[in-house]
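Below is one structure, written out as structure tokens, with a few remarks after it.
Quick caveat, the model's predicted, so the values are computed rather than measured. When reading the values below, keep in mind they use all heavy atoms of this one structure, side chains included, and skip hydrogens, waters and symmetry mates. Counting begins at 1 with the first residue of the sequence.
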Amino acid sequence: MRVAEWNRWTALAAGAVIAAGVGLTGIGGTVLGVLLGVPLVLVLPGLALTGALWPRGRGVPERAALAIGLSLALAAVSALALNWLPGGVTPARSTVLLGMVTLVGACVAAARRPLEDPAARPRDPWRPPIRAHQAAMLVLALALVGAAVTLAVRGAEQATGPGFTQAWMLPRPNAVAVGLGNDQGAAQAYRVVLNDDGQTLQTWGDVRLAAGAHWSATASVPAGAGSEVTLRVYRRSDPERVYRQLHVTVTREGK
């Protein structure tokens with residue numbers, strides 16, 4: 001193998017390790033993380049796998065198409081695979097997986113000697129830039145990406161989680177506006193308490209909401225109260241445990 005080719009795969013492996021390290025540690029901030037992370041997702045894995053699977057010399061258009069197609073396919077498949085494993089999909093786990101694939105692919109590509117010298121082969125001017133099997137692989141990669149996007153959209157639209165209750169509190173002059181939204185999937189009952197430094201300012205003892213319903217109210221804050229008030233929400237099914245807690249600073253008129 002020529003020294004230049006060995007150096008190329010070594011540089012590719014080193015780039016994958018550096019990109020994965022920056023993504024895991026956060027060194028260099030967001031800008032450097034994006035500059036190194038985008039090639040790690042879109043180019044480097046596919047380029048390494050292209051060299052490992054097809055060691056013979058190919059033109060730039062062919063390698064570019066294969067590299068991008070394989071990278072997109074690997075990103076989609078790795079996300080699906082990590083989603084099935086305990087812990088789910090996280091940026092750190094995705095970075096490690098893509099970095100490992102790139103590193104292994106570059107090592108395999110460096111170890112495989114081309115079966116023939118590409119310069120010795122006559123060039124056929126009528127040969128298409130991408131052969132049939134390469135086009136099929138690119139189509140398969142795009143199909144995998146489309147399937148991954150479809151699954152992600154459907155999963156977001158048809159969430160099967162336990163649901164949640166949204167609580168909010170907005171400051172007003174000498175008052176606060178409070179509210180609840182029930183996204184639990186079933187009717188719920190709540191007790192809402194507005195406090196100031198341990199002193200109860202107002203209590204809503206029986207707030208009943210159907211699934212998807214909302215409730216709001218406005219409470220005045222006396223002039224002698226502190227500048228910060230606390231809203232605590234309790235569910236009737238667990239009346240002793242604070243389910244939601246919010247803090248807000250009240251604005252004073254004339255100050």
Side-chain angles (χ1 to χ4, degrees), residues 23-24 26 29-30 33-34 37 41 75-76 78-95 145-255:
L24 289 175
T30 304
V34 171
V41 174
S78 63
L80 291 176
L82 290 175
N83 188 54
W84 292 331
L85 296 176
V89 182
T90 63
R93 300 180 73 183
S94 299
T95 299
V145 174
V149 173
T150 301
L151 289 175
V153 172
R154 289 184 177 179
E157 293 177 346
Q158 303 174 0
T160 58
F164 64 96
T165 297
Q166 181 184 19
W168 63 88
M169 180 168 55
L170 302 175
R172 298 287 186 264
N174 299 327
V176 290
V178 300
L180 294 177
N182 177 18
D183 290 312
Q184 300 282 356
Q188 298 287 331
Y190 308 91
R191 180 168 61 94
V192 183
V193 181
L194 186 66
N195 291 327
D196 164 53
D197 195 20
Q199 179 183 358
T200 300
L201 299 178
Q202 189 163 345
T203 300
W204 296 269
D206 191 17
V207 179
R208 298 181 180 272
L209 295 179
H214 294 80
W215 167 86
S216 61
T218 302
S220 61
V221 180
S227 61
E228 185 178 85
V229 295
T230 301
L231 181 72
R232 292 187 176 94
V233 180
Y234 303 82
R235 288 190 296 180
R236 286 297 183 182
S237 58
D238 190 3
E240 301 300 325
R241 185 173 68 89
V242 177
Y243 180 58
R244 293 287 185 268
Q245 180 169 282
L246 303 173
H247 304 275
V248 72
T249 300
V250 179
T251 58
R252 300 295 186 184
E253 288 185 332
K255 291 188 176 181

Exercise for the section: Sequence neighbours left out, what passes salt bridge (charged side-chain N to carboxylate O under 4.0 Å, His left out) with R235? Give chain and number order. Expected result: none
Which heavy atom of [X] sits nearest a heavy atom of [Y], and at what distance?
{"X": "A175", "Y": "S220", "answer": "CB-CA, 3.9 Å"}
{"X": "P171", "Y": "T249", "answer": "CB-O, 3.4 Å"}
{"X": "A211", "Y": "G185", "answer": "CB-C, 3.7 Å"}
{"X": "L201", "Y": "P222", "answer": "CD2-CD, 4.1 Å"}
{"X": "P239", "Y": "R191", "answer": "O-NH2, 3.4 Å"}
{"X": "E228", "Y": "D196", "answer": "O-OD1, 3.3 Å"}

Practice task
Can you sort out the partners of Y234 under side-chain hydrogen bond (donor to acceptor under 3.5 Å, both in side chains), two or more places apart, ordered by chain and number?
Solution key: none
Handout entry: side-chain hydrogen bond (donor to acceptor under 3.5 Å, both in side chains) partners for T200, two or more places apart
Key = N195
Practice task
Would you give the length of the straight line joining atom CZ of R244 to atom OH of Y190, rounded to the nearest 0.5 angstrom?
Solution key: 8.5 Å
Exercise for the section: Could you tell me whether a side-chain N or O of D183 sits under 3.5 Å from a main-chain N or O of G212, the two making a donor and an acceptor? Expected result: no
Practice task
Using a cut-off of 6.0 Å, state whether more than 12 heavy atoms not belonging to Q199 lie near its atom CD.
Solution key: no
Practice task
Please work out whether the ring planes of W215 and W204 are parallel, tilted or perpendicular, with thresholds of 30° and 60°.
Solution key: perpendicular
Problem - Candidates T203, L231, L246 - the one meeting side chain to side chain contact (heavy atoms under 4.5 Å, CB included) with L194 - result: L231
Side-chain heavy atoms of [X] within contact of [Y], under 4.5 Å:
{"X": "R172", "Y": "L170", "answer": "yes"}
{"X": "V233", "Y": "V242", "answer": "no"}
{"X": "M169", "Y": "T230", "answer": "no"}

Exercise for the section: Would you tell me whether T165 and Q188 have side-chain atoms, one donor and one acceptor, within less than 3.5 Å of each other? Expected result: no
